[in-house]
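Notes for the one structure printed next.
All of these numbers come straight from a predicted model, not from anything done at the bench.
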Amino acid sequence: EEIELDVDEEVTLPATDDIKNFSYTIIDNQVYFRENSILIQKETTDKNKEKIGDYLKVTEALKDVIEAQTQGTSDEVIENKQVVLNEIYDAFSKKHGYLNSLSNTRALKEDSNFPLVSSIEVLDDEENFKAKGDIFSKRTIIKAQSIAHVDTSLEALVLSISQRGRVDFDYMSELTGKDKETLIQELFLSLGYNVFRYGMENTIPAIMTLLKGVKSEVANDIKSRLNI
């Protein structure tokens with residue numbers, strides 16, 4: 001049963017930051033749906049009101065597990081949160097059926113969290129429930145480990161591009177312990193070797209342009225080694 005709004009009696013509240021846009025919430029036992037800066041009250045049956053309330057509990061329990069895994073917390077903490085998720089999900093499915101059932105999809109599909117929440121169920125080829133997903137029992141998210149040190153200027157360049165989106169010599173110096181002039185010299189020697197190795201002579205003008213920002217003695221040394 002889809003949830004309909006009686007537009008002639010629309011009741012609204014200001015939206016708050018803790019409620020995701022285009023998602024449901026319950027305030028004073030009333031169902032609201034956030035649309036941009038306002039919460040719109042939804043006129044719905046008691047059955048769907050209860051369903052939405054239980055769905056929101058599943059959503060919060062799932063987010064707790066995801067946050068714990070993203071933050072790299074201990075296995076014990078994650079397992080405790082997974083126990084809660086299992087209990088809340090089991091209560092929901094016992095009362096309302098599987099998340100991906102037709103009736104639940106119709107009632108909850110407008111909620112922006114529904115694609116994420118419904119993905120915790122594994123479905124078969126006919127879109128029927130098959131099993132609970134790994135999020136219920138396994139660590140599915142590994143916290144990204146920041147790299148504090150690399151040995152070569154080329155590795156520092158790759159990290160700078162991937163992490164900062166640009167050539168950040170200050171960041172590269174932190175990674176390698178080398179000053180800017182040393183980084184530039186090593187990079188040109190490394191990149192220059194590959195230029196000639198692969199016959200990419202068209203990159204030489206770019207190298208010459210960049211050399212303008214290097215001290216003259218360093219630039220001359222690089223040019224002599226690369227024969228340019």
Side chains of E67 and T70: do they bring a donor and an acceptor to under 3.5 Å? no
Verify side chain to side chain contact (heavy atoms under 4.5 Å, CB included) between E10 and I40, making sure each step is shown before the conclusion. CA-CA 7 Å; E10 185 172 274; I40 303 173; 3.9 Å; yes
Between S118 and N100, which heavy-atom pair has the shortest distance, and what is it? O-ND2, 2.9 Å
Would you kindly confirm whether M172 and V150 end up in one hydrophobic cluster when ILVMFWY residues are joined by side chain heavy atoms under 4.5 Å apart? no
Are the side chains of K63 and E60 in contact, using a 4.5 Å heavy-atom criterion? yes
In one Ile/Leu/Val/Met/Phe/Trp/Tyr side-chain cluster, 4.5 Å: V77, I141: no
Using a 3.5 Å distance criterion without hydrogens, assess whether the side chain of T176 forms a donor-acceptor pair with backbone atoms of L183. no
Would you please classify the geometry between the F22 ring and the F33 ring as parallel, tilted or perpendicular, with 30° and 60° separating the classes? tilted
Closest non-hydrogen atom pair between A61 and I88, with its separation: CB-CD1, 3.8 Å
For D90, is there an ion pair with K132 - N to carboxylate O distance below 4.0 angstrom? yes
Looking only at heavy atoms, which two atoms of V117 and L62 are closest? And how far apart? CA-CD2, 3.8 Å
Within this structure, what is the CG-CD distance for the pair D134 and Q82, rounded to the nearest 0.5 Å? 10.0 Å
Working to the nearest 0.5 angstrom, can you tell me the gap between D111 CG and I52 CD1? 8.5 Å
Is it the case that the side chains of D170 and S173 hold a donor-acceptor pair, with the cut-off being a distance below 3.5 Å and no angle test? no
I'd like to check F92 versus L99 (side-chain heavy atoms, cut-off strictly below 4.5 Å). Are they in contact? yes
Name the orientation class of the two ring planes belonging to Y98 and F129 (parallel below 30°, tilted from 30 to 60°, perpendicular beyond 60°). parallel
So, the side chain of K49 versus the backbone of N29: is there a donor-acceptor pair under 3.5 Å, distance only? yes
Kindly give the heavy-atom pair with the smallest separation between S23 and N113, and that separation in Å. CB-ND2, 4.0 Å
Rounded distance [0.5 Å steps], OG in S101 versus CZ in R106: 10.0 Å
Apply side chain to side chain contact (heavy atoms under 4.5 Å, CB included) to I135 and V65, showing your working. CA-CA 8 Å; I135 193 70; V65 173; 3.9 Å; yes
Could you check whether atom CG of D125 has more than 12 heavy atoms from other residues, nucleotides or ligands sitting under 6.0 Å from it? no
Distance-only side-chain donor-acceptor flag, T140 / Q69, under 3.5 Å: yes
Atom CD1 of I19 and atom OG1 of T25: how far apart are they, to the nearest 0.5 Å? 4.0 Å
Side-chain heavy atoms under 4.5 angstrom apart, residues restricted to Ile, Leu, Val, Met, Phe, Trp, Tyr: same cluster for I66 and L85? yes
Heavy-atom side-chain contact between Y24 and R34 under 4.5 Å: no
Once you round to the nearest 0.5 Å, how far does CG of D75 lie from CD1 of I78? 6.0 Å
Determine whether more than 12 heavy atoms belonging to other residues, nucleotides or ligands lie under 6.0 Å from atom CG of D28. no
Rounded to the nearest 0.5 Å, the OG1 atom of T44 sits from the CD atom of Q30 at a distance of 10.5 Å
Please tell me if the side chains of I26 and Y32 come closer than 4.5 Å, counting only heavy atoms from C-beta onward. no
Taking V11 as the starting point, is it possible to reach I27 by hopping between hydrophobic residues whose side chains are less than 4.5 Å apart? yes
Is a donor from one side chain sitting under 3.5 angstrom from an acceptor on the other, for D54 and H96? yes
Can you name the nearest heavy-atom pair linking H149 to L175, along with the distance? ND1-O, 2.8 Å
Do the side-chain N and O atoms of Y89 and E121 include a donor-acceptor pair separated by under 3.5 angstrom? yes
Under a 4.0 Å N-O cut-off, is there an ion pair linking E186 with K178? yes
Using a 4.5 Å cut-off on heavy atoms from C-beta on, say whether the side chain of K51 contacts that of S103. yes
Please report the shortest heavy-atom distance between I147 and Y171, naming the atom on each side. O-OH, 4.5 Å
Would you say the side-chain atoms of E155 pair up with the backbone N or O of T152, donor to acceptor, closer than 3.5 Å? yes
State yes or no: do V58 and L123 share one hydrophobic cluster built from I, L, V, M, F, W and Y residues joined by side-chain heavy-atom distances below 4.5 Å, directly or via other members? no
Donor-acceptor check, side chain of N80 to backbone of E76, threshold 3.5 angstrom: yes or no? yes
